[in-house]
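The next block holds one structure in the form of structure tokens; read it before the comments.
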Amino acid sequence: DVKVTQSSRYLVKRTGEKVFLECVQDMDHENMFWYRQDPGLGLRLIYFSYDVKMKEKGDIPEGYSVSREKKERFSLILESASTNQTSMYLCASSPRTSGPTDTQYFGPGTRLTVL
Amino acid sequence: AQKITQTQPGMFVQEKEAVTLDCTYDTSDPSYGLFWYKQPSSGEMIFLIYQGSYDQQNATEGRYSLNFQKARKSANLVISASQLGDSAMYFCAMREGGYNKLIFGAGTRLAVHP
């Protein structure tokens, strides 16, 4: 079974703090993704990575950066947390191929609150 | 631009009855994939079913089936014989371009009543 883990289920930070969200997958997937989920908006892609040290902006990259130094690990960084970044953050991974079963596999999510 | 629309913010159904969750999509790509995910209150996203744009038959997985109407650009999820454990958020998604990127709809919250 594919396993995607995230470092925290719940996180509370203060405005202006630097925040790291970690994601690890154990299926040797090439692609990894970070989303944020807000009520009524579904999941929106922040960044994705298709290989080590490679990254691409998603739909809402402002205020975020990412790091992928190893294939299995993809980190999301909030350089200076703000209250409007309070949200649920979901990490996912997928293989490089795009066949019928090559879907994304998700971690359990991190609910981040910025005070 | 590619887009997914789920027009039902919330739905409820009686246990053991069938329910249809709506999804329409918009794309100019001839090749695409459509997915449904379930998100229980615990938060994890669970893959349910997939339909490819060139698939001739509607996808089925156990109690889940996908009513794919290509000309109408709709990909509705049908859950038969609803169970209490089906209460969750349901998201429709479309695979966009390369890298297995997905774009998601806003979701539908389903409540199954006993």
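The sequence lines fix the lettering, A, B, ..., with proteins before strands; numbering per chain opens at 1. Fair warning: this is a prediction, and the values are worked out from it, not measured in the lab.
- When the side chains of ILVMFWY residues are joined at heavy-atom separations under 4.5 Å, either directly or via intervening members, A:Val4 and A:Phe20 end up in two distinct hydrophobic clusters.
- Atom CG of B:Asn100 is separated from atom CE of A:Met32 by 13.5 Å, given to the nearest 0.5 angstrom.
- Proximity to chain A among residues 45-55 of chain B is limited to B:Met45, B:Phe47, B:Tyr50, judged by heavy-atom separations below 4.5 angstrom.
- Taking A:Pro61 as the reference, A:Tyr47, A:Lys57 meet the side chain to side chain contact (heavy atoms under 4.5 Å, CB included) condition, with sequence neighbours excluded.
- Heavy-atom distances place the side chain of A:Arg9, and not its backbone, under 4.5 Å from chain B.
- The contact between A:Leu45 and chain B is made entirely by side chain atoms (from C-beta outward), counting heavy-atom distances below 4.5 Å.
- When each of A:Ser94, A:Gly107, A:Gly58 is scored by its heavy-atom pairs under 4.5 Å with chain B, the top score falls to A:Ser94.
- Inter-residue side-chain proximity for A:Gln37 and B:Gln39 is flagged as met; some heavy-atom pair is nearer than 4.5 Å.
- Between atom CH2 of residue B:Trp36 and atom OG1 of residue A:Thr103 there is a gap of 14.0 Å, rounded to the nearest 0.5 Å.
- At a threshold of 4.5 Å between side-chain heavy atoms, the hydrophobic network of Ile, Leu, Val, Met, Phe, Trp and Tyr places A:Phe74 and A:Tyr105 in two separate groups.
- A:Leu78 is not connected to A:Leu43 by any chain of hydrophobic side-chain contacts under 4.5 Å among Ile, Leu, Val, Met, Phe, Trp and Tyr, and they are in different clusters.
- In the hydrophobic clustering of this structure, A:Ile46 groups with A:Val114; members are Ile, Leu, Val, Met, Phe, Trp, Tyr whose side-chain heavy atoms approach within less than 4.5 Å, directly or through other members.
- Counting non-hydrogen atoms of neighbouring residues, nucleotides and ligands closer than 6.0 angstrom, the CZ atom of B:Arg63 exceeds 12 such neighbours.
- A:Arg44 meets the salt bridge (charged side-chain N to carboxylate O under 4.0 Å, His left out) test with A:Asp38; sequence neighbours excluded.
- In the hydrophobic clustering of this structure, A:Val24 does not group with A:Tyr89; members are Ile, Leu, Val, Met, Phe, Trp, Tyr whose side-chain heavy atoms approach within less than 4.5 Å, directly or through other members.
- More than 12 heavy atoms of other residues, nucleotides or ligands sit less than 6.0 Å from atom CD of B:Gln14.
- Within residues 69-80 of chain B, no residue has any heavy atom less than 4.5 Å from a heavy atom of chain A.
- Of all non-hydrogen atoms in A:Gly40 and B:Ala106, the two that sit nearest each other are O-CB, 3.4 Å.
- Separation of atoms CZ (A:Phe33) and CG (B:Leu102) is listed at 7.0 Å; rounding is to 0.5 Å.
- Considering only heavy atoms from C-beta on, B:Lys101 comes within 4.5 Å of A:Phe48 through its side chain.
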